[in-house]
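Reviewing the structure listed below.
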Amino acid sequence: MSSSYLIHDMVRVCPQTGEVLEEQARTGSLAELAEVSSNPASPRNAYLSFQLIVRLDGAGPSAIRFEADPLRGEHDEIGAGEFVFFAQWYHRVKGRYYPDALVPLDGGDAGPRTLSAISAANEVEGQAYAAVWVDLFVPAGVRAGDYRGAIRVTTGSGIDTHEIRLRVLQTAVPDESLVIADLNSYADNLSRRIGSLRRNPDRYEDGTYFRTEQAFFRMAHEHRCLLHYLPYEHSGRIPAAFIPEIEGRGKEMRVKDWSTFDEHFGPYLDGSAFEGTKRGAIPIPYMYLPFNFHWPADYAKFGTKGYRTEFAGIMEEFHRHFTERGWLRTKFELFLNHKKRYKLFPYDGDETRFVWDEKVNDIYYDLAKDVLEKESGAKFIFRTDASWSYGLHFGKYADLIKLWVVNHQMFSWFPESLDVLRDAGCEIWTYGGAERISRPLLATAISPLAAVARGVDGFVYWENTKWGDGWQVTPDAEGSETMFYPGDELFGLEGPIPSIRLKALRGAMQVADCMEQWIGEQPAGLGRARMAEAIVDSFGLAPGAWWPGKPNFLDRPPYEWENAMFSEAPQASLHEGRPSETFNDLKQSLWAILG
Amino acid sequence: MPKTYSLMEIARLGALFLPGDFLEDVMPPERREYPLKVAGTDSQFALGDEIDFVEDHFNALKRVLLLTERIDPLRRPYAALWIRRPENPALGEVMVAGGALPSEGADIMTLWPDILRAFSGRPTRRDRGTGETVYFPVRNSDEEIVGVLELTENVPPLFI
């Protein structure tokens, strides 16, 4: 009798009972799951993920070994080195154990990251099953066709051989993402939240911080996401390593030294930070600028000509420097995140609710327009994050603001905004948060699919590094404010370790990128309609379910809206009550279309 | 060696230039008792969503706070203005912050003896271990105390 099971990546398994944790899952037993997971298909230049669930015998996890053979096709081979194994780490959530953090396994029998060592540190009460997440990368260069190989699992009871019969598709996932999966966070939370950085006062000078931060950017990049790290606090303060050194004031203000700034950000902007990743050395597509209400211009001068002199002069220097450095593939965002709830400024630059705060858009566009309107060189754009006033603003500010990041619920009330913003050359992302660990993995897959269905350019999770001091047991906010965990304290890794939700997001991003690539090859309008139809069919939705209609309070100004109204307001629900395997159904129908 | 000022002296100078009438009216009348608008809501964001300011008043106060922080170039304090809540004077909050938020944050909270002493008209110094805070009364044109100026040095501000 087999003591291990190879299963797909859309459900998680309880380490105590071996039961599937996703309540709506179609398949409940490990044997059934193994049956439906045995014949995967994958595009090229893509990761295929699956899981090995091992029933623990008397010897416990210490006797378990994993070994992969190459996958061989008629004319080609996928090397065994394309498999990567991670131990699943269990967290205590809602009275159950859920796996989320993934710890890369050491290759050999010894080392700090064997399954045995990780399980011992995890201390799961009454553990009867261990689980390993497996990533298999299907290279862009292999030929389409059928491949066969195996993974052997050695336990105290013997050796299980899991045959893999993989169909490699002609379709290849593009290196550059066509949908932006934006993982937002705020500087310098990494230094506050990672013990090895927090304890090192020289972290910005000795290279430690830059290496650690790059590991986060690389992990996001490898998972088809963009780590988006706002460099300033609500006060406008900025850590020195995030800005060039400035000297002088007023007309004498200028950049004195770019060296630290260039060392910090240059590798992201020329792509070299991503060398060696599967997607390659692609520059990040977007980056926040440090400009804000209180930098570089002194807010004590707000409203004076001197404020303009300082703000506009340094922005001009930024543009010149970025252009000279050849940073031409990244869009640099002027974004004003200040909120009056913190009593540092009297305006909401972010999520304007009181309509009179909209003047901030006009004031700062005017201060920056010489650079924003340049037609050559580095691309600087004005970004807004909109919610309450989106319905009032998309028409009014479409000519000034070119990147609209909109609350996902409120955006869904205004389908008519899409054409208005598109016609003005704007890009649109929706924003929300990462899913809680106890939510089904299908929920994590939804944002990329909704982006394709609606025809928007991306989506944002607003916070992604707030794992919390007790993350090993229960992450803060049940994981909904992080997609990573720190690798330093428990596992001796300088950068992050991924989460299962990050893997699930990558899986959905690969699908979304294939869809967008295909849409781009079709006659205008037809491709998106066909992809939307595939989503509707797989999920059993009504056509256009992602536009749920308008609430009845839009005739009132947003500052009169009350929180209680939102619970009654229309909300697109694309995945509620549906089994996680729905995503696999969608992939099957998609691969049939794309080939 | 340039002359340095005590934190209390800096606060005294700053308070001379703070327009207390503006602090009284830093929120529009319909927002001054903003917590009452969301009584009974458990959303973590609802209270903050109700905050609105009279921009000219806020900006005038903010400017004085930022400049007060610079009176002594050898010191790097941060400044804030506290008020008592009109609907419950046992509670208070920062209403305008200068270069940074005090470590207590921006929420409404129960006032403590040191700051209450300043609200009663007596400038008060508070030893903070590694640092120091002074609280100085702020008056309106009727010479009523309408707030307290905080100056703090060598205590990390709130990171937000």
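Nothing here was measured: the structure is a model prediction, and the numbers come from that model. So that the names make sense, note that chain A is the first sequence line, chain B the second, and so on, each numbered from 1.
Annotation for Arg63(B): atom CZ does not count as buried by contact number, only 12 or fewer foreign heavy atoms lying within 6.0 Å. At most 12 heavy atoms of other shown residues, nucleotides or ligands fall within 6.0 angstrom of atom CZ in Phe17(B). A 6.0 Å sphere centred on CZ of Arg128(B) holds more than 12 heavy atoms belonging to other residues, nucleotides or ligands. Within a 6.0 Å sphere centred on CZ of Arg249(A), heavy atoms belonging to other residues, nucleotides or ligands number 12 at most. For Asp469(A), the CG atom counts as loosely surrounded, since its 6.0 Å shell holds 12 or fewer non-hydrogen atoms of other residues, nucleotides or ligands.
Note: Phe345(A) leads Tyr186(A), Tyr559(A), Phe345(A) in heavy-atom pairs under 4.5 Å with chain B.
Residue Lys339(A) holds its NZ atom at 8.5 Å from CD1 of Ile160(B), rounded to the nearest 0.5 Å. With rounding to the nearest 0.5 Å, the separation of CG in Asp298(A) from CZ in Arg70(B) is 4.0 Å. Rounded to the nearest 0.5 Å, atoms NE2 (His294(A)) and CG (Leu66(B)) are 5.0 Å apart. Atom-to-atom distance recorded for Asn59(B):CG and Tyr347(A):OH is 4.0 Å, nearest 0.5 angstrom. To the nearest 0.5 Å, atoms CZ (Phe159(B)) and CG (Asp188(A)) are separated by 7.0 Å. Separating the CZ atom in Phe354(A) from the CD atom in Glu55(B) is a distance of 13.5 Å, to the nearest 0.5 Å.
If you measure heavy-atom distances from Leu47(B) to chain A, you find no contacts under 4.5 Å at all. Looking at Tyr342(A), both its backbone and its side chain come within 4.5 Å of chain B, counting heavy atoms on both sides. Leu67(B) touches chain A through its side chain: at least one heavy atom from C-beta onward sits under 4.5 Å away, while N, CA, C and O do not.
Residues Ser235(A) and Ala100(B) approach most closely at CB-CA, 4.2 Å, considering heavy atoms.
Side-chain contact check for Phe53(B) versus Lys343(A): some heavy-atom pair is nearer than 4.5 Å. In this structure the side chain of Arg237(A) reaches within 4.5 angstrom of the side chain of Pro157(B), judged on heavy atoms.
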Take Glu562(A) and Lys37(B) through the test salt bridge (Lys or Arg N to Asp or Glu O under 4.0 Å) and record every step on the way to the result.
CA-CA 9 Å; Glu562(A) 293 166 8; Lys37(B) 290 180 178 291; over 6 Å; no
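Arg341(A) contributes a side-chain N or O that, together with a main-chain N or O of Phe45(B), makes up a donor-acceptor pair within less than 3.5 Å. Judged purely by atom type and a 3.5 angstrom limit, Arg353(A) uses its side chain to pair as donor or acceptor with the backbone of Asp49(B).
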